[in-house]
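First up is the structure itself, then whatever we jot down about it.
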Amino acid sequence: MQGTGGGRKRGRWLARLLALHGMLSYLFLYAPIVILVIYSFNASRYASGAWRGFTLSWYARLFANEAIGDALRNTLIVAGTSTAISTVFGTMVALAMERYDFRGKLAFDALLYLPIIIPDIAMAVMLLLFFVLARVQLGLTTIIISHVAFNISFVAVVVRARLAYFDITLEEAAQDLYADEWQTFRRITLPLIMPGILGGALLAFTLSIDDFVITFFTAGPGSTTLPLRIYSMVKLGVTPEVNALSSMMLVASIGLVLLSLLLQKGGGGGGIEIA
Amino acid sequence: MMGRPRTRRETIRLLFLISPSLFWLLVFFLFPLLLVFAISFGQRGTYGGVRWTLTLENYVRFFDPLYLRILGRTFLLALTTTVLCLVIGYPLAYFIATRPARWRNVLVLLLMIPFWTNFLIRTYAWLLILRDQGLINTVWTGPLHELLVQIAAAAPLPIWEAALRATSHPLHLFGTDGAIIVGLVYGWLPDMVLPCYAAIERLDFSLVEAAQDLYADRLRSFTRVILPLTMPGIVAGSVLVFIPSLGAYVTPDLLGGAKSIMLGNVIYSQFMSARDYPFGAAISFILMAVMLIGTLVYFRMGAETE
C-alpha cells in the first residue's frame, strides 16, 4: 500500500477502530444471552435483581412443573412430525427443481421461496383464517400443518445447495454399470446428498421448536408448546423460572444449529450461506 | 441432465417429486393468502364470523388518523432499525471480510448462532436488561448511586446533587420506542451483516489498490469503488431487515409500552380480541403492500446507484 506516513498512520487507526467496533458488536450480540443464563442461576427471587448467590433451584422447579412437561411433549411432537414430512417433501422438490425444466417452473420457484420471505405475522393470520373458515379444530394438527408449510421451503433451499455441487457423472457411471434407477438413487444420489438432507432436517427441527408467532395463531386448547408457555409466563410476570426455561431452550437450539452447520459442511462443499 | 422431461417415465417422476410440495403450498399457503385478500372485502358477522361481501369499508376504515399514525410509526421504526443495522452492520461485515480465512469462518459462525436461536427468548433477555427492575437500573440505582453518595460526602459540590437525584430513580427505558428499536436491531443485525459480508468478501481488492494508485484517497476509494461494488449486499441486507421489522409483533409486545404499538399488534388484536377478521385481513394486506412497495423502491434505488 502506498501513501504518506500520515496516511498510513490514519489507516492503522481506522483498522483499530474497525476491530474495536467488531468486538463491541459481538459483545452486543452475546451479552444479553449470557446475562439471561447467569440470571437463571441467581438465588434472588426476582428475575433480574442483584446477585444473591448461585442456585439450581429454578431448574429443579422446572422439572417438577407438569405444565412444562406437557409443553415439551407437544413441542417435540410438532417438531418431529413437521420435520419428517417437510424433509421428505422438501428433498423431493429439491431434486425436481435441480434436475428438470418444466412449464411454470419460475412461478413454482417463487411460490417455494415466498414462505421464507413473508413475515411470520402475515403467514400466521392467513393460516388462522383458513383453519377457522374450514372449521378445522385448532390444535397440534393445525400447528404441524403450518410448520410444514414454512419448513418445506427451508429444507428445499438447503438440499438444493447440496445438489448444485453434485457430480452427475457419478450417476451416469452407476447406470453404465447396469444399476437401475432406484439402485442409482439409493446407492449413489442419496448417500451423496445425505449431509444436505440431515442439515435441512435439523434446520427444520430448530425452526419448528423456536417458532412462536405462527404457532401462537394456530394453536388450540391443550396444544401449548414451549415458546407459547414461555410467552404466557412472561405475560403473567417475569420470574426466575422463565430464565431457567429460556436458558435451556437457548442451549438446545445453539446445539442443534451447530450440528446442522457441521453436517452441511461435512463431505465438502454446498452449505447454505444464510437463510 | 437438466432439461425438460423427455419420456413419459420422466414426466411421471417429475410429477411424483413435485406434487406433495405443490399440493401443500397451494392448499396451506397460496389459497390462505388469496382467502385473506378476499376476506378483506368482507364484513364482520354477528358472532365474529365473516359475511362475504364486496366492500371497501375495511380499507376506508384504516384511513382513520389513529391507524395512519400507527402505520407511520411502524414505518419509521422499521426504517430507523434498517439504518442502524446498516451503520453497525456494514463496518462489522467489512471487519470480518478482511480477516484471515480461518478467523472469517469462526466469526461468521458466531454471527449465525444467535440468528437461529429463539427470537422470543432473545427479546425476553432485553426485557431483563431494560425494565425498571432490570440489570441497567439495578446498577444505576444501586452501586452507581451509592458511589455517588460517597463521592458527594467526600467532596460536597453542587454537581453531585443533580447526579444523585438522577440515580435515585430508575431510568425509564422499558416501554419506549428506543427499547423497541434496540430489540429490533438486536434481532435482525445478522440479517444485515451476512449479505454485506458476502458482497465484501467477493470484492476484488486489487480494484481498490488501483484506485489508490491513481491517487484516490481512502474516502474516495471507498465511496467510488467499495461502496458501489458492494451495493447488492447492502440492498439485500436492508430488505431482509426492513421486512421483518415492519411485521414485528413480539418485540413491540414485550419491550414496547401501551403507547408504542406497531401494526403487528393491531393485527393481533383484530384477530385475537376484537375478532374482526375482515378488518384484520385488510390491515395484513396493507402491511404486505407497504413491504412490497418499500422493497421495490429500494431495489430501484439500488439499481440506479450501480
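Order of the sequence lines sets the chain letters (A, B, ...), proteins ahead of strands, with each chain counted from 1.
Contacts of B/L128 with chain A are made by both backbone and side-chain atoms, with heavy-atom separations under 4.5 Å. There is no contact between B/N137 and chain A, counting heavy-atom distances below 4.5 Å. Residue B/L111 touches chain A through both its backbone and its side chain, counting heavy-atom pairs closer than 4.5 Å. Residue A/D211: no heavy atom, backbone or side chain, is found under 4.5 Å from chain B. For a residue to count as touching a neighbouring chain, one of its non-hydrogen atoms must lie under 4.5 Å from one of that chain's; by this rule A/A156 does not touch chain B.
The aromatic rings of B/Y249 and A/F217 sit perpendicular, their planes meeting at an angle over 60°, well past the 30° parallel limit. Between A/F131 and B/F28, the two ring planes are tilted [angle within 30° to 60°]. Note on ring orientation: taking the six-membered ring where Trp is involved, the planes of B/Y268 and A/F216 are parallel (angle under 30°, cut-offs 30° and 60°).
Put simply, of A/L95, A/T206, A/L250, A/L24, the one with the most heavy-atom pairs under 4.5 Å next to chain B is A/L250. Taking A/F150, A/F108, A/F212 one by one and counting their heavy-atom pairs under 4.5 Å with chain B, the maximum is reached by A/F108. Contact tally against chain B (heavy-atom pairs below 4.5 Å) for A/V257, A/I152, A/L129, A/L36: the top residue is A/L129. Here A/L114 is the residue among A/T91, A/I209, A/V132, A/L114 with the most heavy-atom pairs under 4.5 Å with chain B. Heavy-atom pairs under 4.5 Å with chain B were tallied for A/L127, A/I33, A/N243; the largest tally goes to A/N243.
Under the 4.5 Å side-chain criterion, counting only non-hydrogen atoms from C-beta, A/H21 is in contact with B/I88. The closest side-chain heavy-atom distance from B/I129 to A/P32 is below 4.5 Å. Residues A/Y26 and B/L107 are in side-chain contact: their nearest non-hydrogen atoms beyond the backbone lie under 4.5 Å apart. Considering only heavy atoms from C-beta on, B/L189 comes within 4.5 Å of A/F28 through its side chain. Using a 4.5 Å heavy-atom cutoff, the side chains of A/I230 and B/N118 are not in contact.
Note that CG of B/L17 and CD of A/E98 are 12.5 Å apart. Values are rounded to the nearest 0.5 Å.
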